[in-house]
Amino acid sequence: MPLSSPSPLPIQMLDLVAQHAPLQAALEAATHHTLAEAAFIQGPAVAEFAQELSAYLGGTHVIPCANGTDALQLALMSLRLPPGAEVIVPAFTYVATLEAAAVLGLRPVLVDVLPDTFTLDPAAVEAALTPATGAIVVVHLFGQCADLEALRDLADRRGVALIEDNAQALGAQFTASSGATWWAGTVGEVGTTSFFPSKNLGGFGDGGALFTTDAQRAATLRQLANHGQSRKYHHDHIGLNSRLDTLQAALLRVKLPHLPRWTAARQQVAAHYDAALATTPGVQLPARDARSTHVFHQYTIAVADVPGSREALQQYLAARGVPSVVYYPLPVHAQAAYAYLGYRAGQFPVAERLCRTVLSLPIHPTLTSEQVAYVAGVVKEWAHL
Ligand SMILES: *Cc1c(COP(=O)(O)O)cnc(C)c1O
């Protein structure tokens with residue numbers, strides 16, 4: 001198929017310069033204001049940003065912190081689990097999900113994911129529960145909610161906490177069988193998110209937040225993120241120094257109002273990819289769970305599990321100016337740091353296959369329809385070789 005001109009290149013995985021350009025004046029004003037005010041730690045913008053994000057998420061308590069990994073650690077700290085308690089995590093995720101448990105002396109217990117949505121398999125979670133299980137950490141991978149209803153029910157039935165790692169799905173919603181609509185991150189005892197620059201709401205450095213609907217737990221989390229202090233120099237808990245910088249909060253306040261529009265743009269790109277790639281042999285498109293919206297942090301396809309196939313596609317794309325990234329190339333149980341958990345190759349067949357076959361295509365709010373058509377055209381061309 002001849003590719004259309006004019007050239008839609010260059011194409012980037014994400015384009016923060018283009019995303020920020022229309023906001024330049026507002027971002028500079030917020031920066032200047034923060035510098036002039038000089039309240040760099042816990043300045044007014046931090047509480048203002050938390051309030052605005054809370055309003056967006058239907059009124060849940062929002063506790064800003066230093067990054068998404070700290071948010072996971074703080075969430076687990078708030079549960080006060082005994083040393084060695086088991087924490088169920090998906091076998092296919094970013095390492096931070098289990099790192100947060102391991103660093104606290106808790107034991108990550110890996111559970112395989114579903115082959116279509118790549119998220120935690122509730123039946124496998126149930127099978128992995130033991131009397132030592134303290135929490136389930138669910139990851140809304142790539143921007144779509146895992147089966148929140150099944151996992152919430154299971155956690156309630158078995159008396160374990162549910163933590164949502166919502167670093168990739170801020171703004172996604174899950175519709176329960178009751179008809180109720182839940183914001184991702186507000187269903188677990190604690191939800192966490194990240195404002196790492198590449199996330200759907202990215203800052204200008206590290207940042208993160210915790211969500212909870214429980215006022216008491218919100219107060220505890222707020223203390224834990226600030227040296228466990230209830231008031232200055234009075235430390236009720238062993239906490240962390242994990243605060244969102246005032247400057248980050250001031251800049252995130254500028255970006256937050258645009259999140260719904262950026263999400264819609266990502267969804268439009270995904271719909272365009274879906275349509276253009278619908279009948280591409282050997283390419284599995286992102287599965288949509290009808291109960292969840294998908295905010296498309298990533299648009300991740302999977303190719304046939306044939307050695308070298310994914311790498312061949314990646315090279316074919318690169319040679320034609322299309323970047324792509326493998327999230328994630330190595331399953332967490334194969335990471336050197338987690339060898340002590342004693343897992344073996346073959347124990348998590350879905351996660352292992354995904355690590356061999358997935359490929360994330362460019363998706364961001366300023367990707368043009370010509371660029372999407374071009375990327376899809378190159379993928380199809382490769383598939384028909
Ligand atoms: C980005 C990410 C994190 C960690 O967030 P940081 O802000 O980088 O610490 C945790 N879990 C998942 C699934 C992520 O994508």
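Along the sequence shown, the residues carry numbers beginning at 1. Ligands are counted one by one from 1 in listed order, and the atoms in each one are counted from 1 as well.
Between Thr69 and ligand 1, at least one N/O pair is under 3.5 Å apart.
If you check the side chains of Glu28 and Gln24, you find a donor sitting under 3.5 Å from an acceptor.
If you number the atoms of ligand 1 from 1 as listed, the ones under 4.0 Å from a heavy atom of Gly68 come out as 5 (O), 6 (P), 7 (O), 9 (O). Annotation for ligand 1: atoms under 4.0 Å from non-hydrogen atoms of Asn67 are 7 (O), 9 (O). Contact atoms of ligand 1 toward Ala96: 4 (C), 10 (C) (distance under 4.0 Å to a heavy atom of the residue).
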Fill in: Pair His297-Asn200, side chain to side chain donor-acceptor pair (under 3.5 Å): steps then yes or no
CA-CA 6 Å; His297 176 59; Asn200 286 28; 3.0 Å; yes
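When the heavy-atom distances from atom 8 (O) of ligand 1 to Phe196, Phe142, Phe195, Tyr328 are ranked, the shortest goes to Phe196.
Of the protein's heavy atoms, Gln168 NE2, 2.8 Å lies nearest to atom 15 (O) of ligand 1. Atom 2 (C) of ligand 1 has Lys199 NZ, 2.6 Å as its closest protein atom, hydrogens excluded (heavy atom only).
Side chain of Gln144 to backbone of Asp289: a donor-acceptor contact under 3.5 angstrom is found. Without hydrogens or angle criteria, Glu164 side chain to Gly188 main chain gives a donor-acceptor distance under 3.5 Å.
Between Trp182 and Phe174, the ring planes lie parallel to each other; the angle is under 30°, not in the 30° to 60° tilted range.
Among Leu224, Leu244, Leu210, the single residue meeting the side chain to side chain contact (heavy atoms under 4.5 Å, CB included) criterion with Ile63 is Leu210.
Contact annotation for Asp165 and ligand 1: only side-chain heavy atoms (C-beta onward) come within less than 4.0 Å of the ligand.
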